[in-house]
Amino acid sequence: MNTSLKNTPHVTLIGAGPGDPDLLTMKAVKALQKAEVVLYDALVNEDILELAANAVKLCVGKRKGAHSFTQDEINQMIVTYAFEFGSVVRLKGGDPFVFGRGKEEEEFANLHGVKTTVIPGISSCIAVPASVGIPVTYRGVSESFWVITGTTSAHELSADVAWQPNLLQQS
């Protein structure tokens, strides 16, 4: 395990945003340009990968019914590559902490002595409606918006959105 100054293990979790490379933050661009390894999700626009010209790139993305790697395998890859190469970018669609496993990956890396940095992405819950002129809040029309998932990790309807008539009954 080479942990020389050049290869000090470090992982940067980057949110790739809604897919438009022009919506990446400058901080994300700089981290990608310095990356030695990029582990990226299936939803990441491949044009973004060109910013990591000198990096080893590996798709670890998951699609319904087609997981190239389990989450445990991805966590281990993050740590292994960080110790082997030094600078690893975990490039995630959207934002790493919105419906992703970013926090789990960060905690796993930290537990194994790998320092982490998180670079948030522009969340698609705001960027996609804005790109077609739809405000997520609008005075007199909508005073809030919610970001929820429809299903749980067990592939069941989330209690957050499931019909619960008991909640409507008054005591």
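Values below: all heavy atoms of this structure, side chains included; hydrogens, waters and symmetry mates excluded.
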Selection residues 46-60 - residue pairs positive for salt bridge (Lys or Arg N to Asp or Glu O under 4.0 Å), sequence neighbours left out: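 Non-adjacent pairs meeting salt bridge (Lys or Arg N to Asp or Glu O under 4.0 Å): zero.
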Going from [atom1] on [X] to [atom2] on [Y], what distance comes out if it is rounded to the nearest 0.5 angstrom?
X	Y	atom1	atom2	result
Phe99	Ser123	CZ	OG	8.5 Å
Asp41	Arg101	CG	CZ	10.5 Å
Phe83	Thr8	CZ	OG1	10.0 Å
Phe69	Gln76	CZ	CD	12.5 Å
Asp20	Ile122	CG	CD1	8.5 Å
Asn54	Lys34	CG	NZ	13.5 Å

Take Leu91 and Leu49 through the side-chain contact (heavy atoms from CB on, under 4.5 Å) test and state the conclusion after the steps. CA-CA 9 Å; Leu91 187 60; Leu49 297 174; 3.9 Å; yes
Mark yes or no for whether Thr25, through its side chain, and Ala28, through its backbone, hold a donor-acceptor pair below 3.5 Å. yes
Any donor-acceptor N/O pair, Ser68 side chain to Gly61 backbone, under 3.5 Å: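 Flag set: sc Ser68 to bb Gly61 pair under 3.5 Å.
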Is it the case that one hydrophobic cluster holds both [X] and [Y], taking links as side-chain heavy atoms less than 4.5 Å apart, direct or via other members?
X	Y	answer
Phe85	Ile78	yes
Ile48	Ile119	yes
Val114	Val56	yes
Val98	Leu24	no

Looking only at side chains, do Gln71 and Asn75 share a donor and an acceptor under 3.5 Å apart?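 Present: a donor and an acceptor within the cut-off.
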With no hydrogens and no angle check, do the side chains of Thr117 and His10 hold a donor and an acceptor under 3.5 Å apart?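 There is such a pair between these side chains.
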Minimum heavy-atom distance [X]-[Y], with the two atoms named:
X	Y	answer
Pro18	Leu23	CG-CD1, 3.7 Å
Ala35	Ala55	O-CB, 3.4 Å
Ala82	Val11	CB-CG2, 4.0 Å
Ile14	Ala31	CD1-CB, 3.8 Å

Please examine the side chains of [Y] and [X], heavy atoms only from C-beta on, and report whether any two atoms are closer than 4.5 Å.
X	Y	answer
Ser87	Thr12	no
Leu39	Tyr81	yes
Leu58	Val37	no
Val88	Val79	no
Val60	Tyr40	no

Carefully, step by step, assess Val118 and Phe97 under the rule side-chain contact (heavy atoms from CB on, under 4.5 Å). CA-CA 9 Å; Val118 176; Phe97 287 179; 3.8 Å; yes
Does Glu106 come within less than 4.0 Å of Arg90, counting only side-chain N to carboxylate O? no
Which atom pairs, donor and acceptor, lie under 3.5 Å between side-chain atoms of residues 129-147 and protein residues at least two apart or in another chain?
residue : atom : partner : partner atom : Å
Ser131  : OG   : Val128  : O            : 2.7
Ser142  : OG   : Val136  : O            : 3.4
Ser142  : OG   : Tyr138  : N            : 3.3

What verdict does the side-chain contact (heavy atoms from CB on, under 4.5 Å) test give for Leu32 and Val38, after you've listed the backbone C-alpha separation in whole Å, the side-chain angles of each residue and the deciding distance to 0.1 Å? CA-CA 8 Å; Leu32 282 162; Val38 177; 4.2 Å; yes
In sequence, state the C-alpha distance, the side-chain angles, and the governing distance for Glu105 and Leu13, and then conclude on side-chain contact (heavy atoms from CB on, under 4.5 Å). CA-CA 8 Å; Glu105 293 168 355; Leu13 290 114; 3.5 Å; yes
